[in-house]
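This report concerns only the one structure given below.
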Amino acid sequence: MPLLQFDTTVSATDAEKEAFTDAVTELYADEMATTTGHVAVVIREHPDANLSLGRAVDGPCCFLSADIREGRSFERRRSFALAVMGLIADTWAVPEENLKVSFTEHEGEDLMGVDRVGGEWSADEESNQA
């Protein structure tokens, strides 16, 4: 179960958050070669003073902390990071300088829900996508 946690100074409506969550979930599945049913997304809004980035320019900030299963290539992770930063910039008008993505990789068994424990990711999943 990937856990995608967005911390942002953007103020969005519930409908905007739902649309963003749907778009991020699909983007994650496409870029990371998996299905959507286990993707978890969190959006946390903060006052401007609560987020800081040394290179930031005027405008909102948005940081993604992505907890994922280990095994994906740097190229796949970089592709997702660039795509999700593009989505954030386009959706919420966040300047590119104010975006950050951090990946933390876990063994599959470290990611679990009530009904399942994650397995190891393998490139075979790319051909088994639903």
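Heavy-atom basis, side chains included; hydrogens, waters and symmetry copies ignored. The structure displayed is predicted, hence computed values, not measured ones.
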Using every non-hydrogen atom in the two residues, find where [X] and [Y] come nearest and quote the distance to one decimal.
X   : Y   : answer
I68 : P2  : CG2-CB, 4.4 Å
T8  : C61 : OG1-O, 2.7 Å
G59 : N98 : O-ND2, 3.4 Å

Do the side chains of [Y] and [X] get nearer than 4.5 Å, heavy atoms only?
X   : Y    : result
M85 : V101 : yes
L64 : V84  : yes
D90 : I88  : no
C62 : F6   : yes

Would you please indicate if the ring centroids of F80 and Y28 are separated by under 6.0 Å?
-> yes

Between L87 and I43, is there a shared hydrophobic cluster once you connect ILVMFWY residues whose side-chain heavy atoms come closer than 4.5 Å?
-> yes

Treat each ILVMFWY residue as a node, draw an edge where side-chain heavy atoms are under 4.5 Å apart, and state whether L99 and L82 are in one component.
-> yes

Working to the nearest 0.5 Å, report the span between [atom1] of [X] and [atom2] of [Y].
X   : Y    : atom1 : atom2 : value
H38 : R69  : NE2   : CZ    : 5.0 Å
D30 : T25  : CG    : OG1   : 11.0 Å
D67 : F103 : CG    : CZ    : 10.5 Å

For M32, does its backbone N or O pair with a side-chain atom of R72 as donor and acceptor, under 3.5 Å?
-> yes

Do side-chain atoms of T9 reach the backbone of P60 as a donor and acceptor pair under 3.5 angstrom?
-> no

Side-chain polar contacts of residues 44-51 - donor-acceptor pairs under 3.5 angstrom, sequence neighbours left out - could you list them?
| residue | atom | partner | partner atom | Å |
| --- | --- | --- | --- | --- |
| R44 | NE | D7 | OD1 | 2.9 |
| R44 | NH1 | Q5 | OE1 | 3.3 |
| R44 | NH2 | Q5 | OE1 | 3.2 |
| R44 | NH2 | D7 | OD2 | 3.1 |
| E45 | OE2 | A12 | N | 3.2 |
| E45 | OE2 | K17 | NZ | 3.0 |
| H46 | NE2 | D7 | OD1 | 2.6 |

